[in-house]
Amino acid sequence: MHASNTDALLAWIAEHPVLAGLVIFAVAFLDALLVIGLAFPSLPVLFGVGTLIALGVVNPWYAIACAALGAFLGDGASYLIGRHYGQGIRGMWPFSRHPQWLMRGEIFFRRHGVKGIFIARYVGAVRCFVPVIAGMVRMPGPRYMVASALAAVTWAIGFMLPGWVFGASID
């Protein structure tokens with residue numbers, strides 16, 4: 001996302017702090033989706049929301065809940081795509097052209113297992129691929145959801161906390 005777009009989005013959030021939850025949710029959701037997450041970095045927006053929290057414009061628990069729910073549901077959608085299509089995803093675009101994208105995520109997932117769901121939430125290069133791979137290899141849903149929920153909540157806090165803490169020192 002271009003800096004001017006991020007600035008405009010943050011200005012809108014500041015003017016509409018209640019509706020901001022929808023934007024925060026959407027940013028986290030899109031960041032988590034298969035392939036789309038590569039082109040949709042959420043860090044600048046969530047850091048900016050953290051600054052708006054520090055300035056008292058946005059409620060911190062509301063923002064964290066919206067970001068965590070967006071990340072959890074985005075990861076869940078990717079997991080369900082992997083579960084539904086299984087190994088057939090490898091033959092679909094863009095993976096038929098870029099098999100290394102899934103390969104990187106698969107190596108990561110096989111190395112770390114269930115903790116990889118948690119770790120991947122913090123690693124942009126594999127974040128949107130690991131949930132798909134978990135679905136492809138038929139990781140049990142309840143086991144996946146627990147790891148994903150914990151990762152989504154800690155990620156939302158972790159990505160907004162720097163703006164929250166350092167934004168407070170701007171005054």
Side-chain angles (χ1 to χ4, degrees), residues 1-82 89 92-95 97-98 100-102 104-105 108 117-135 145 147-171:
M1 184 178 291
H2 193 271
S4 64
N5 294 339
T6 301
D7 291 344
L9 186 58
L10 290 171
W12 187 90
I13 289 171
E15 292 174 23
H16 306 92
V18 176
L19 289 176
L22 295 173
V23 174
I24 295 165
F25 172 90
V27 165
F29 182 83
L30 291 172
D31 180 73
L33 284 180
L34 178 64
V35 181
I36 294 170
L38 290 175
F40 201 88
S42 60
L43 180 59
V45 174
L46 294 182
F47 185 85
V49 169
T51 301
L52 294 174
I53 289 169
L55 296 171
V57 175
V58 176
N59 180 294
W61 308 117
Y62 175 62
I64 289 167
C66 291
L69 184 62
F72 178 72
L73 292 178
D75 281 347
S78 292
Y79 171 83
L80 290 174
I81 289 168
I89 288 177
M92 296 177 183
W93 183 89
F95 306 115
R97 276 190 71 126
H98 304 282
Q100 71 276 12
W101 290 357
L102 279 179
R104 245 183 273 144
F108 182 88
I117 301 298
F118 185 84
I119 296 167
R121 175 104 297 274
Y122 293 89
V123 180
V126 294
R127 178 174 30 247
C128 62
F129 298 112
V130 169
V132 172
I133 292 162
M145 286 189 287
S148 181
L150 180 61
V153 170
T154 60
W155 173 84
I157 293 168
F159 271 41
M160 284 189 257
L161 187 63
W164 193 351
V165 171
F166 297 117
S169 64
I170 291 173
D171 292 341

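Along the sequence shown, residues are numbered consecutively beginning with 1. Only this structure's heavy atoms are used, side chains among them; waters, hydrogens and symmetry mates stay out.
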| remark: Residues Trp101 and Pro94: closest non-hydrogen pair is CZ3-CG, 3.6 Å
Review item, side-chain donor-acceptor pairs of residues 38-46, under 3.5 Å, at least two apart:
none

| message | Rounded to the nearest 0.5 Å, what separates atom CG in Leu52 from atom CZ in Phe47? | response | 11.0 Å
What side-chain donor-acceptor pairs closer than 3.5 Å can you find for residues 10-17, not counting sequence neighbours?
{"from": "Trp12", "atom 1": "NE1", "to": "His16", "atom 2": "ND1", "distance (Å)": "3.3"}
{"from": "His16", "atom 1": "ND1", "to": "Trp12", "atom 2": "O", "distance (Å)": "3.0"}

| said: Rounded to the nearest 0.5 Å, what separates atom CZ in Phe25 from atom CG in Leu30? | reply: 9.0 Å
| said: Let's go through Val132 and Tyr79 carefully: what are the C-alpha distance in whole Å and the side-chain angles of both, what is the deciding distance for side-chain contact (heavy atoms from CB on, under 4.5 Å) to 0.1 Å, and is it a yes or a no? | reply: CA-CA 4 Å; Val132 172; Tyr79 171 83; over 6 Å; no
| remark: Nearest heavy-atom approach of Ala67 to Met160 is CB-CE, 3.5 Å
| Mutual orientation of the aromatic rings belonging to Phe95 and Phe129 [parallel < 30°, tilted 30-60°, perpendicular > 60°] | perpendicular
| message | How long is the straight-line distance from CG of Asp75 back to SG of Cys128, given to the nearest 0.5 Å? | response | 9.5 Å
| query | Closest heavy-atom contact between Ala32 and Ser78? | reply | O-OG, 3.3 Å
| said: Can you tell me how far apart CG (Leu33) and CD1 (Ile81) are? Round to the nearest 0.5 Å. | reply: 7.0 Å
| said: Minimum heavy-atom separation for Arg127 and Arg121, please, with both atom names. | reply: NH1-O, 2.7 Å
| remark: So side-chain hydrogen bond (donor to acceptor under 3.5 Å, both in side chains) across residues 150-162, not counting sequence neighbours, yields Tyr122-Thr154
| note | Minimal heavy-atom distance between Phe72 and Ser148, with the atoms involved, is CD1-OG, 3.5 Å
| note | What one should report as the nearest heavy-atom pair of Ala156 and Ile64 is CB-O, 3.7 Å
| Test log, rule side-chain contact (heavy atoms from CB on, under 4.5 Å), inputs Leu9 and Val27 | CA-CA 11 Å; Leu9 186 58; Val27 165; 4.2 Å; yes
| query | Can you check whether Ile119 reaches Val130 side chain to side chain, under 4.5 Å on heavy atoms? | reply | no
| message | Distance check, rounded to the nearest 0.5 Å: Ile24 atom CD1 versus Leu69 atom CG? | response | 12.0 Å
